[in-house]
J.: 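Let me give you the structure first, and then I'll get to my questions.
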Amino acid sequence: MAQPKVDKLVTAIDIGSWKVSALIAGRTETGELAILGTGQRESRGVRRGFIADMERTELAVRETVEQAERVAGTNIEDVWVSFSGGSLVSDVVTVERDMGGYRVEQADIDDLLATGQQGIDPDGRVVLHAQPTCFTINGKVPVKKPLGMHADLLGVDIHVVLADGAPLANLDLCVRGAYLNVNSIVASPIATGLACLSEEERDLGVALVELGAGVTNVSLYAGGMLVGLHSIPIGASDITDDIASAFGIRRSQAERIKCFYGSAMQNRRDFREMIEIAPPHGDVAVPGQSAGPNADGGKITRAALVAVICERLNQLMTEINAALAGMGFNTPTGRQVVLTGGGAEMKGIADYAQGALGRAVRIGRPRGLAALPEAHSGPAFATLAGLALYGASNPVDLRTIAPAPQTVHRINAPQWWQRMVRAMKTNY
């Protein structure tokens, strides 16, 4: 199948605790963002969203990008990178300016944004995002484009995401060590929300829960922007570790058993269904896989497996509930929770979360991309898809806005008089 004709390439790299994935997309003539190539490798140098082994992470990034380049049939240099570490902090800065009832000019908007840029206090952290999200007229009426409108008071809400500098620098070094230029490092909740949430959901209010391998990020959207963010150092890999510890098997075996047989909901058949974790010949009861010589022989019921999974999920849901309450997400039950990330692919997780959180829950899958491979259409790749959408939209960020130089043209007396005479002759 021939690749679609594109005029702009966007490359996204999602560096997680479990996998490193890359995606090359291009803007087609119809305006769609089409997938040209993807790549994926196991992540062995990332722990809880932070770089723990730079050499291994750099190698994984290089191999992942090379795989995506082979599929796309092109070479890339510039990339957009995600960051999901637990040091993310979200805030909203509001700036207002007295207009005296006059019309809003572009210079007024530029001055307002410049004032907002100066008013951001990073408090020793690095500003990862500083994006104007909503303008207001007279402190009440939200507008998207205030240019040309009359206002007594012009305001803007600036969404700011902060992060510790050292983890970001390590991430940047790993990607540049793979001979790639970093366009920008994007906070994972922003990219994921762009891929999984509709504009209406972000406006009405929704909680986005990213169940990653090492970290669970809980973010709250309202009024069209991210207004709260909390990271929990628990993820799907902890469930894998619990299974490995409970049944005396290796992590690789525990991960396969979790994926093939794991579930967040228990039923009566689970007490009769047996899972062979290490047959005599060392082959796990999963097609094409091997348990190895160190695994203990025996069988377990699926009910026992589900019990181990639910014990960890119960702890995680308690933490998520506390995070939502701390961010003020305790008003009417109509507000929805969207689960995404690799942990959201577990069977029955939405029903379990709905009962544990007491709210409507759905699984968030990436959308807005054409020709997305089926293997990359699940919630585990929502951040990767969101990065591509973010890079293609290239949103306004106050960090990159510099005061526009103004050139003043001075007119000497004869030229000024000649212009005045010409104006009088024209009008009279």
Side-chain angles (χ1 to χ4, degrees), residues 3-4 6-16 19-40 64-65 68 71-72 74 76 78-84 88 90 128-133 144 159 161 175 180 182-203 206 208-210 212 217 219 221 224-226 229 338-342 344 362-397 399-400:
Q3 296 281 18
V6 297
D7 56 5
K8 177 184 178 182
L9 289 178
V10 178
T11 303
I13 302 179
D14 180 23
I15 302 176
K19 69 181 186 308
V20 176
S21 52
L23 181 152
I24 301 176
R27 178 77 68 182
T28 64
E29 297 174 346
T30 60
E32 288 184 311
L33 198 62
I35 306 301
L36 304 180
T38 59
Q40 181 180 328
T64 303
V65 172
V71 176
T74 185
I76 55 96
D78 303 319
V79 297
W80 300 79
V81 185
S82 68
F83 178 72
S84 58
L88 293 172
S90 176
L128 201 56
H129 299 281
Q131 299 171 339
T133 56
K144 290 188 176 181
H159 174 228
V161 177
V175 177
L180 298 168
V182 179
N183 280 330
S184 180
I185 297 177
V186 182
S188 175
I190 291 182
T192 309
L194 196 61
C196 295
L197 305 178
S198 66
E199 185 176 351
E200 186 174 351
E201 284 177 326
R202 290 194 293 266
D203 188 55
V206 64
L208 180 66
V209 179
E210 299 174 80
N217 284 320
S219 49
Y221 282 83
M225 59 183 169
L226 181 65
L229 179 62
V338 177
L339 294 183
T340 188
R362 74 169 178 87
I363 302 298
R365 303 179 186 277
R367 52 192 178 187
L369 295 171
L372 185 65
E374 185 177 354
H376 290 68
S377 61
F381 295 91
T383 301
L384 185 66
L387 275 175
L389 293 171
Y390 185 95
S393 64
N394 198 20
V396 176
D397 197 310
R399 298 175 305 156
T400 61

J.: Can you name the nearest heavy-atom pair linking T28 to A34, along with the distance?
T.: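 What the structure gives for the nearest pair is CG2-CB, 3.7 Å.
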J.: Determine whether L229 and S219 make a side-chain contact, defined as any pair of heavy atoms from C-beta on separated by less than 4.5 Å.
T.: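 Side-chain contact under 4.5 Å: yes.
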J.: Report the C-alpha separation of V81 and I15 in whole Å, then their side-chain angles, then the decisive distance to 0.1 Å, and conclude whether the side chain to side chain contact (heavy atoms under 4.5 Å, CB included) test is met.
T.: CA-CA 7 Å; V81 185; I15 302 176; 4.0 Å; yes
J.: Apply side chain to side chain contact (heavy atoms under 4.5 Å, CB included) to residues L387 and V10 and explain how you reach the verdict.
T.: CA-CA 9 Å; L387 275 175; V10 178; over 6 Å; no
J.: Is a side-chain N or O of S82 found less than 3.5 angstrom from the main chain of V186, in a donor-acceptor match?
T.: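 Absent.
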J.: Which pair of heavy atoms, one from G378 and one from P366, lies closest together, and at what distance?
T.: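 In terms of heavy atoms, the two residues are closest at O-CD, 3.3 Å.
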J.: Between atom CZ of R365 and atom CG of L339, what is the distance when rounded to the nearest 0.5 Å?
T.: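 The CZ atom of R365 sits 11.0 Å away from the CG atom of L339.
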J.: Find the distance between OG (S90) and OH (Y221) and round it off to the nearest 0.5 Å.
T.: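 Rounded to the nearest 0.5 Å, the OG-OH separation comes out at 8.5 Å.
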J.: Please identify which of these residues, V175, I24, N183, meets the side-chain contact (heavy atoms from CB on, under 4.5 Å) condition with V79.
T.: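 It is V175; the other options fail the test.
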J.: Which atom names give the shortest non-hydrogen contact between I35 and P373, and what distance separates them?
T.: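 Looking at all heavy atoms of both residues, the shortest contact is CG2-CD, 4.1 Å.
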J.: May I ask you to decide if the ring planes of H376 and F381 are parallel, tilted or perpendicular, using 30° and 60° as cut-offs?
T.: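 Taking F381 first and then H376, their aromatic rings sit tilted (interplane angle of 30° to 60°).
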J.: Within the side chain of H159, is there an N or O that forms a donor-acceptor pair under 3.5 Å with the backbone of L226?
T.: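 Yes, because the side chain of H159 sits within donor-acceptor range (under 3.5 Å) of the backbone of L226.
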J.: On a heavy-atom basis, which atom in R367 and which in C196 lie closest, and how many Å separate them?
T.: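 Distance-wise, the nearest heavy atoms are NH2-O, 3.1 Å.
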J.: Could you tell me whether the side chains of S188 and E210 share a donor-acceptor contact shorter than 3.5 Å?
T.: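 Side-chain D/A pair, S188 to E210: present.
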J.: How long is the straight-line distance from OG1 of T11 back to CG of L36, given to the nearest 0.5 Å?
T.: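 Those atoms lie 8.5 Å apart.
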J.: Apply the test side chain to side chain contact (heavy atoms under 4.5 Å, CB included) to residues V71 and T38: give CA-CA distance (whole Å), side-chain angles for both, the deciding distance (0.1 Å), then the verdict.
T.: CA-CA 7 Å; V71 176; T38 59; 5.6 Å; no
J.: Which atom names give the shortest non-hydrogen contact between L128 and L88, and what distance separates them?
T.: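 The pair with the smallest heavy-atom distance is CD2-CD2, 3.8 Å.
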J.: Which heavy atom in S84 sits nearest to a heavy atom in N217, and how many Å separate them?
T.: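 It is O-ND2, 3.5 Å.
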J.: Ignoring hydrogens and geometry, is there a side-chain-to-backbone donor-acceptor pair from K19 to G342 under 3.5 Å?
T.: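 Judged by distance alone, no pair lies under 3.5 Å.
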